[in-house]
There are 2 protein chains.
Amino acid sequence: MSLPHLLLGMLDAPASGYELKQMFDGTLRHLWAAELSQIYPALKRLEDDGYLSSRESPPAKGPARRVYRRTARGTRRLRQWLGASPEMGPLRLGYLGQLCCMAETGGCERTAAFLEELRDLFRGQLVKYEQVDAEWFRLHPGYPDALPPDLFHAHLTLRAGITRVEAAMTWCDESLRRVTKRT
Amino acid sequence: MSLPHLLLGMLDAPASGYELKQMFDGTLRHLWAAELSQIYPALKRLEDDGYLSSRESPPAKGPARRVYRRTARGTRRLRQWLGASPEMGPLRLGYLGQLCCMAETGGCERTAAFLEELRDLFRGQLVKYEQVDAEWFRLHPGYPDALPPDLFHAHLTLRAGITRVEAAMTWCDESLRRVTKRT
DNA sequence: TTGATCATGTAAGGGGTTACATGATTTA
DNA sequence: TAAATCATGTAACCCCTTACATGATCAA
């Protein structure tokens, strides 16, 4: 949907594909997942289209790295994305598909067990988000509202994840009450 | 991710691809979006794999329709899906990607405008969900907790959408407060 | 010297979208 | 008779994942 845009945004400073992957696994892991096998072709494509330039980094130590930086054209493209309307994209939540078909199992026992497992999965996500929150708090002074702009915006997205998961857990509990009352 | 599974679940009663599309646009439109150009090949594939059987419906009036029904094998496959753990799948929310890069615009004016537009989009989604809710209430007696099992489960998924969007709006408001305070 | 990490990729395949092609029937 | 709706599909093209291939360096 917009991995290329996001890569443009992450290339505020020049970086290699490998480093970008580490950002995805570190700072952005609550927000976006991306595989190296997707990142490398995406970077090449962005370069072919003139949004990035690259050069081999002299391998003083370790293997050679290809370092990408935004071109002026790339920055224009990024600004255009940031000036556009929010990308809402359709949500396809597999667990809701399963739940919607759950009448097929007869009775509500399976539905209740499913919702309990789901709540536990959300709880696990929440724990991870809160670990990220705690680590950022430890690392960065001024947390969270006096952070520098890039980290402040990242924190807004972290809060989005936390409120989303909390709401999902509330919904699970409400649903469990309704399901057990039907039994 | 699981359109084929969902199709198996929707084929509780035999139906054509066109009818299934209408279910997606009607009852399930809050839950899943699917195009005919994806549905038809998916049905063919499910038939090739032995999960569905089909026959041409005699076209008493209108063009010929191909009607699919679940085989015993298809029902087993469906039950297996419903017995599996909830499919959590990674979330890739384009608007969070944009927000995370928004420091590039300098200042917070663009961020505030973006969050306001986002909140309005969520409000629009909420209105649609509530229209669905109201229409179901009008059509179905016993709404919502004394509904037959299939509609009850569909209502659980509708509630999931409503709580999700409400939480998103709360997050937007919280974020707007934080952003304007920084100005 | 063996395995972990650094670093870059290709290949195959699933899932999804938009645009296009075809033709019958119903309604204005 | 022209347009909307019914009905089924194909083609081209993204996006993404898993598995595989390759080779260098570093630490145990």
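Note on naming: letters A, B, ... go to the chains in the order of the sequence lines (proteins, then strands), and numbering restarts at 1 for each one.
Ring centroids of B:Tyr51 and B:Tyr68 are separated by 6.0 Å or more, keeping the two rings apart. Between A:Tyr129 and A:Phe122, the ring centre distance reaches or exceeds 6.0 Å.
In this view, B:Glu19 and B:Arg65 satisfy the salt bridge (charged side-chain N to carboxylate O under 4.0 Å, His left out) rule, not counting sequence neighbours.
In this structure, B:Glu56 places its CD atom 11 Å from C1' of D:dA7, rounding to the nearest Å. Nucleotide D:dC15 holds its P atom 20 Å from the CG atom of B:Leu3, rounded to whole Å. Put simply, CG on B:Leu46 is 10 Å from P on C:dG15, counting in whole angstrom units. In this structure, B:Leu91 atom CG and D:dC16 atom P are separated by 13 Å, rounded to whole Å. Rounded to whole Å, the distance from CG on B:Leu6 to P on C:dG15 is 13 Å.
At distances below 3.5 Å, not a single donor-acceptor pair connects side-chain atoms of A:Arg66 with backbone N or O atoms of A:Ser57.
Summary of the strand contacts: B:Gln22 and B:Pro90 both lie near DNA chain D, and taking for each the nucleotide with the nearest heavy atom, the more 5' one is attributed to B:Gln22.
Ring geometry for B:Trp81 versus B:His5: interplanar angle under 30°, hence parallel rather than tilted (30 to 60°). The aromatic rings of A:Tyr143 and A:Trp136 lie perpendicular to each other, with more than 60° between the two planes, well past the 30° mark.
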Could you go over nucleotides 8-12 of chain C and give all protein N or O partners under 3.5 Å, atom names and distances?
| residue | atom | partner | partner atom | Å |
| --- | --- | --- | --- | --- |
| C:dT8 | OP1 | A:Arg66 | N | 2.7 |
| C:dT8 | OP2 | A:Tyr18 | N | 3.0 |
| C:dT8 | OP2 | A:Tyr40 | OH | 2.8 |
| C:dT8 | O5' | A:Tyr40 | OH | 3.4 |

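Distance from the side chain of A:Glu35 is smallest to D:dT17 among D:dC6, C:dG16, D:dT17.
Residue A:Arg45 places none of its side-chain N or O atoms closer than 4.0 Å to OP1 or OP2 of D:dC13.
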